Trainee: 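If you scroll down you'll find the structure; I have some questions about it.
Heavy atoms only: backbone and side chains are in, while hydrogens, waters and symmetry mates are out. The first residue of the sequence shown is numbered 1, and numbering continues consecutively from there. Just so you know, these numbers come straight off a predicted model, no measurement behind them.
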Amino acid sequence: MSATPSPNPHSLFDQELCGLVLDTAPRLFAVVQVHHVGGEDVDGCVVAWGLAGNTGPTHLVSTDGHTRMTVTAPERALRYFTARPGLTTRLVWLAQPGAATLNQLEAA
């Protein structure tokens, strides 16, 4: 992991702040529904995004913005998005970030 501080007189402190952010960042994941449409025809879509910290609850918001929920663990969210035969739900984790910056343009 690398911390990219902004150029200013407090660069050592900025680097420490970026390191702190990397060490405490929540994990981002998607809740994905997979539709089995007759054998080999498979389709999927993202139905929610979640944030999971190292400790404490997991927070989710549906992609349409109408549903927000808090669960004790990411896997607990799966039951709320599986409602029909032929439909399975999975978690897809985004890779852990490897850099942090204080500059919004650098983060884009």
Side-chain angles (χ1 to χ4, degrees):
M1 289 192 245
S2 66
T4 307
S6 64
N8 69 41
H10 305 289
S11 64
L12 181 58
F13 180 69
D14 288 352
Q15 188 171 3
E16 289 176 11
L17 283 178
C18 290
L20 174 66
V21 167
L22 289 171
D23 291 343
T24 61
R27 297 284 317 271
L28 181 63
F29 65 93
V31 178
V32 177
Q33 286 182 336
V34 178
H35 307 268
H36 302 281
V37 185
E40 293 186 18
D41 284 339
V42 178
D43 195 14
C45 63
V46 176
V47 294
W49 287 99
L51 286 174
N54 295 332
T55 61
T58 296
H59 304 282
L60 292 108
V61 61
S62 63
T63 55
D64 65 8
H66 294 293
T67 303
R68 296 177 188 272
M69 67 179 71
T70 301
V71 294
T72 57
E75 295 76 17
R76 294 270 194 191
L78 297 176
R79 72 174 86 178
Y80 297 103
F81 295 96
T82 303
R84 297 182 307 225
L87 177 73
T88 60
T89 308
R90 300 168 58 182
L91 299 180
V92 177
W93 294 89
L94 269 64
Q96 188 71 14
T101 181
L102 297 174
N103 184 324
Q104 184 178 4
L105 295 176
E106 289 177 17

Trainee: Are V34 and L87 side-chain neighbours, meaning at least one heavy-atom pair lies under 4.5 Å?
Mentor: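 The answer is no, as the side chains (C-beta and beyond) never meet within the 4.5 Å cut-off.
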Trainee: Grab the two heavy atoms, one from L60 and one from V71, that are nearest each other, plus how far apart they are.
Mentor: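 Closest approach of L60 to V71, heavy atoms only: CD1-CG2, 3.7 Å.
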Trainee: Hey, are the side chains of H35 and C45 touching, using non-hydrogen atoms and a 4.5 Å cut-off?
Mentor: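 H35 vs C45: side chains touch.
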Trainee: As an exercise, state the distance from CG of L22 to CG of L17, rounded to the nearest 0.5 Å.
Mentor: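 So the CG of L22 and the CG of L17 are separated by 11.0 Å.
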Trainee: Is there a path of hydrophobic side-chain contacts, each under 4.5 Å between heavy atoms, that joins L94 and F29?
Mentor: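 Not linked; separate clusters.
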Trainee: Looking only at heavy atoms, which two atoms of V46 and A30 are closest? And how far apart?
Mentor: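 So the two residues come closest at CG1-CB, 3.9 Å.
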Trainee: Within the side chain of Q33, is there an N or O that forms a donor-acceptor pair under 3.5 Å with the backbone of F81?
Mentor: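 Here the side-chain-to-backbone pair exists.
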Trainee: Hey, any chance V32 and W49 share a hydrophobic cluster, counting ILVMFWY side chains that come within less than 4.5 Å of each other, even indirectly?
Mentor: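 Yes; W49 is reachable from V32 via cluster members.
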Trainee: What's the shortest heavy-atom distance between P74 and A52, and which atoms?
Mentor: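 In this case the closest contact between P74 and A52 is CG-CB, 3.8 Å.
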Trainee: Kindly give the heavy-atom pair with the smallest separation between P57 and T70, and that separation in Å.
Mentor: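 Nearest pair, atom of P57 first, then T70: CB-CG2, 3.3 Å.
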Trainee: Would you give the length of the straight line joining atom CZ of R90 to atom CG of L78, rounded to the nearest 0.5 angstrom?
Mentor: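 Going from CZ on R90 over to CG on L78, the span is 10.5 Å.
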Trainee: Please tell me if the side chains of E16 and L20 come closer than 4.5 Å, counting only heavy atoms from C-beta onward.
Mentor: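 Answer no - side chains too far apart.
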Trainee: Would you indicate whether the side-chain heavy atoms of V31 and Y80 approach each other to under 4.5 Å?
Mentor: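 No, their side chains stay 4.5 Å or more apart.
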Trainee: Report the C-alpha distance between L51 and T58 in whole Å, list the side-chain angles of each, state the deciding distance to 0.1 Å, and finish with yes or no for side chain to side chain contact (heavy atoms under 4.5 Å, CB included).
Mentor: CA-CA 6 Å; L51 286 174; T58 296; over 6 Å; no
